[in-house]
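Only one structure is covered here, and it is reproduced in the block below.
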Amino acid sequence: MRFPKTQIIALVNQKGGCGKTTSAVAIAAGFAQLGYSVCLADTDPQCNATDSFGLRADSLVDEGAFTLADAYLKKRAAADIEYDFGNRFQGNLTLLPGNRGLGSVPLKLESELQIAIADGERTTLDADEMRTEQRQRLKRSLDTLRSKRDVVIIDTPPSLDFLMVSTLIAADWFIIPVFPSGYDLRGLELLMKTVAKVRERYNPGLRLAGVLLGNYDRTAILDKDIHEMLKKRFGGEVVFQTTIGRSVRMRDATVRGQTIFELPEAQAQAQQFLGLIQEMLNRGTKRPEQTTNPLPDESIFDKVSNG
Ligand SMILES: Nc1ncnc2c1ncn2[C@@H]1O[C@H](COP(=O)(O)OP(=O)(O)OP(=O)(O)O)[C@@H](O)[C@H]1O
Ligand SMILES: [Mg+2]
């Protein structure tokens, strides 16, 4: 480990198709490229993050591998679920694979609860306590990676339901990815209200690491305006100065089951994400109380600018 403490960072926005998965995969691969020890958690029943690596979630299940559904349903520790890429990513990256069954996890947990009550093991008065315990299962599972991995990145589904809430409970930080085309201020307000409730009830330490504008067209005035509007709403310090440019390379990489860090023709895109990581770490040096890495390792800055 290079960070003094593990940092768990979730990519969240209940809006569909705004760059959560693309960013989660690229940020995870970028940290790995820089020599950090990283785990990427795929909590989305769509399993797009898992697919991005050319892995098939269904095949993994058939082969008997654990997935993130086991963290919820069997209280499995993330350390037991981690899929190891071997030498790919210099051995610096692992994955907690997604599972199509993650969609029915809330229903299964609720019926678990109702059965416990019907069987007389628990009373209805215990229900709140049990639901709280269920919402904390992801946290309990991911906490087994603390002091093992520098960074844990969580990709989330496009909703504000159980899976999102349990992610916000588990995370130290969240990043809000936004596309200029899908920019929706009301949606972001609702997200921030959910965050406020999670902070109040479960996770007072949850912090916004930044708002990331992706799929950005540098030639479009509208896109620039949206960057400015986001800075007005969230503050210039919170919105990342780094934007991720619009490029077909992003989708190409996903379709080929490789990350942009593995494709020579996507080096420009990979550099943008290294720039983003550098910005995150720079924030750490400037604002120690807000940092991703409270004691940034200086060598990273040389590596990023020379890489
Ligand atoms: N910088 C970019 N330039 C062009 N296309 C992009 C860029 N980033 C992402 N995309 C494409 O936009 C689509 C949506 O991106 P992505 O899957 O990351 O969003 P998401 O928020 O995870 O979606 P969902 O809510 O369905 O999980 C994908 O097809 C992706 O390849
Ligand atoms: Mg996604």
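We count ligands from 1, going down the list as the structure has it; atoms in each ligand are counted the same way. Bear in mind the structure is a predicted one, so any value in this text is a computation, not a measurement. Note that these values count all heavy atoms, side chains included, but never hydrogens, waters or copies made by symmetry.
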Would you say [X] contacts ligand 1, with heavy atoms under 4.0 Å as the rule?
{"X": "Ser23", "answer": "no"}
{"X": "Gly214", "answer": "no"}
{"X": "Phe179", "answer": "yes"}

Take the angle between the ring planes of Phe3 and Phe31 and call it parallel below 30°, perpendicular above 60°, tilted in between.
perpendicular
Hey, is atom 11 (C) of ligand 1 under 4.0 Å from any protein heavy atom?
no
Kindly indicate whether atom 7 (C) of ligand 1 is approached by any protein heavy atom to under 4.0 angstrom.
yes
Closest approach of any protein heavy atom to [atom], naming residue and atom:
{"atom": "atom 1 (N) of ligand 1", "value": "Gly245 O, 2.9 Å"}
{"atom": "atom 25 (O) of ligand 1", "value": "Lys20 NZ, 2.8 Å"}
{"atom": "atom 4 (C) of ligand 1", "value": "Ser247 O, 3.1 Å"}
{"atom": "atom 26 (O) of ligand 1", "value": "Gln46 NE2, 3.3 Å"}

Return a yes/no value for [X]: is any of its N or O atoms, backbone included, closer than 3.5 angstrom to an N or O of ligand 1?
{"X": "Thr254", "answer": "no"}
{"X": "Arg246", "answer": "no"}
{"X": "Cys18", "answer": "yes"}
{"X": "Val248", "answer": "no"}
{"X": "Thr21", "answer": "yes"}
{"X": "Asp155", "answer": "no"}

Side-chain touch Thr6/Lys148, heavy atoms, less than 4.5 angstrom
no
Would you check if Phe162 and Leu109 make a side-chain contact, meaning some heavy-atom pair closer than 4.5 Å?
yes
[X] side chain to [Y] main-chain N or O, any donor-acceptor pair under 3.5 Å?
{"X": "Gln272", "Y": "Gly245", "result": "yes"}
{"X": "Ser37", "Y": "Met1", "result": "no"}
{"X": "Thr254", "Y": "Ser52", "result": "no"}

List ligand 1 atoms under 4.0 Å from Asp44, heavy atoms only on the residue side.
27 (O)
For Asp80, check salt bridge (charged side-chain N to carboxylate O under 4.0 Å, His left out) against everything at least two apart and list the hits.
Arg76
Examine all N, O or S atoms of Asn48, backbone included, and report whether one is under 2.8 Å from the Mg ion (ligand 2).
no
Ring-ring centroid check Tyr83 Phe53, cutoff 6.0 Å
no
Among Gln269, Arg251, Met250, which one has a heavy atom closest to atom 29 (O) of ligand 1?
Arg251
